[in-house]
Amino acid sequence: MRIGVLVSGSGTNLQAILDAVRDGDLRAQVALVLSNKPGVKALERASSAGVPTVVLSHKDFANREAFDAEVVRELRARDVDLVVLAGFMRIVTATLLDAFPDRVVNIHPSLLPSFPGVDAQGQALRAGVAIAGCTVHLVDGGMDTGAILAQAAIPVFATDDEERLRVRILAQEHRLFPQVLQWFAEGLVRVDQDAAGHKRVHVATESRATFASAIDAVES
Ligand code: GRF
């Protein structure tokens, strides 16, 4: 499996993916790291791992579709078959999604469908939830609305502020994301539609359920 990772920032999830590949836990190749911002740490991480990088500044394109068309061209040039959004701060269009049907995945720092969009951790704290976490999902045309592939949960402590919560959720992201990609590599992910036309994900492994109980595994 050849993965293309789209980034915009620090790239700690990218690092977790690169480390999993290096350690043999993710049997895939990161074929390309593409950033819409020059000079970000994620690009350094890719170069250190010997992964080719491309910078495409969205500001150089007339609209989102034109930008995505160039992204598709770069991904196809590297024979990518799974597109991974890892802190990619752009809304993607049908131009990208139609080129990789059911093969674009994202990670989001909340238990979706709660708290989509920006400042998920702040939204969770303001809502007063007792349990927070992260979600890996298929990308569709909405904002963090695609079918859920996997989730990991953590408790919210009375002492948590946004930064503490962000760091503890991020630790779960780094466990969850490479594992979900490995499910794709093993052909364990199947996507179909329910009667109402909503996409449903089937993952043929019990380990999907064990991530939901990360509270016991990690916090005790
Ligand atoms: C993560 O919290 C991810 O869930 C969100 O953006 C952040 C990216 O962090 N989509 P990093 O660039 O992987 O460090």
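The chain is numbered in sequence order, starting from 1. Note: hydrogens, waters and symmetry copies are ignored here, and every other heavy atom, side chains too, is used. Counting convention: from 1, in listed order, for ligands and their atoms alike.
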Pairing residues for F184 by the ring-ring contact (aromatic ring centres under 6.0 Å, His included) criterion, not counting sequence neighbours: none

Who else is in M143's hydrophobic cluster (ILVMFWY, side-chain heavy atoms under 4.5 Å, direct or via others)? I91

Anything with a heavy atom under 4.0 Å from ligand 1 counts, so go ahead and list those protein residues by chain and number. S10, G11, T12, N13, G87, I107, H108, P109, L170, E173

Please evaluate residues Q172 and R175 with respect to the criterion side-chain hydrogen bond (donor to acceptor under 3.5 Å, both in side chains), reporting the C-alpha separation (whole Å), side-chain torsions for both, the decisive distance (0.1 Å), and the verdict. CA-CA 5 Å; Q172 295 300 319; R175 296 174 63 232; 2.8 Å; yes

Considering only Ile, Leu, Val, Met, Phe, Trp and Tyr, and joining two whenever side-chain heavy atoms are under 4.5 Å apart, list the other residues clustered with M89. none

On the 0 to 90° scale, with breaks at 30° and 60°, tag the F67-F88 ring pair as parallel, tilted or perpendicular. parallel

Q15 and R45: side-chain hydrogen bond (donor to acceptor under 3.5 Å, both in side chains), yes or no, with the steps? CA-CA 7 Å; Q15 190 67 58; R45 296 178 191 275; 3.2 Å; yes

